[in-house]
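Residues take their numbers from the sequence shown, with the count starting at 1. Keep in mind it's a predicted model, so treat the numbers as computed, not measured.
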Amino acid sequence: MKTVQISLNSIDKVKSFVNDITRFDYDFDLVSGRYVIDAKSIMGIFSLDLSKPIELNIHAEDDIDDVLETLSPYIIS
């Protein structure tokens, strides 16, 4: 599992983020405070506070570099 901080501060960013991660067969969880939601759920994402960075847990064993490259526009370094 890999954990990164991401920013989804606009509706367009949320839509493109979900479109990007649904191409992968791995599980993705977003963690904001005590809430953990499926990152592939648009409704779930909109239930979070999107004004601050969110933790993304990527449950992938291999091809993690492909996932990180795809998600690079959202990752806060």
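- Sorted pairs that involve residues 37-47 and meet side-chain hydrogen bond (donor to acceptor under 3.5 Å, both in side chains), not counting sequence neighbours, are lacking altogether.
- For Pro53, the side-chain contact (heavy atoms from CB on, under 4.5 Å) criterion is met by Gln5, Ile76, not counting sequence neighbours.
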For residues 12-23, dump all side-chain donor-acceptor pairs below 3.5 Å to protein atoms at least two apart in sequence or in another chain.
residue: Ser16; atom: OG; partner: Asp12; partner atom: O; Å: 3.2
residue: Ser16; atom: OG; partner: Lys13; partner atom: O; Å: 3.2
residue: Ser16; atom: OG; partner: Tyr74; partner atom: OH; Å: 3.0
residue: Asn19; atom: ND2; partner: Lys15; partner atom: O; Å: 3.3
residue: Asp20; atom: OD2; partner: Tyr74; partner atom: OH; Å: 2.8
residue: Thr22; atom: OG1; partner: Val18; partner atom: O; Å: 3.0
residue: Thr22; atom: OG1; partner: Asn19; partner atom: O; Å: 3.0
residue: Arg23; atom: NE; partner: Asp20; partner atom: O; Å: 3.4

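- Atom OG of residue Ser7 and atom CG of residue Leu50 lie 8.5 Å apart, to the nearest 0.5 angstrom.
- Within the structure, no pair that satisfies the ring pair (Phe, Tyr, Trp, His ring centres under 6.0 Å) test touches residues 36-55, not counting sequence neighbours.
- For Asp66, there are no side-chain hydrogen bond (donor to acceptor under 3.5 Å, both in side chains) partners, not counting sequence neighbours.
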Exercise answer: donor-acceptor pairs, residues 27-36 side-chain atoms, under 3.5 Å, sequence neighbours excluded:
residue: Asp29; atom: OD2; partner: His59; partner atom: NE2; Å: 2.9

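- The CG atom of Leu56 sits 11.0 Å away from atom NZ of Lys2, with the distance rounded to the nearest 0.5 Å.
- Between Leu68 and Ile58 the shortest heavy-atom distance is CD2-CD1, 3.9 Å.
- Residue pairs meeting the salt bridge (charged side-chain N to carboxylate O under 4.0 Å, His left out) criterion with at least one partner in residues 43-62, sequence neighbours excluded, are Asp49-Lys52.
- Residue Met1 is not grouped with residue Val4 when hydrophobic side chains (ILVMFWY) are merged at heavy-atom distances under 4.5 angstrom, including chains of intermediate members.
- Residues Ile64 and Leu71 share a single hydrophobic cluster, defined by chaining ILVMFWY side chains whose heavy atoms lie under 4.5 Å apart.
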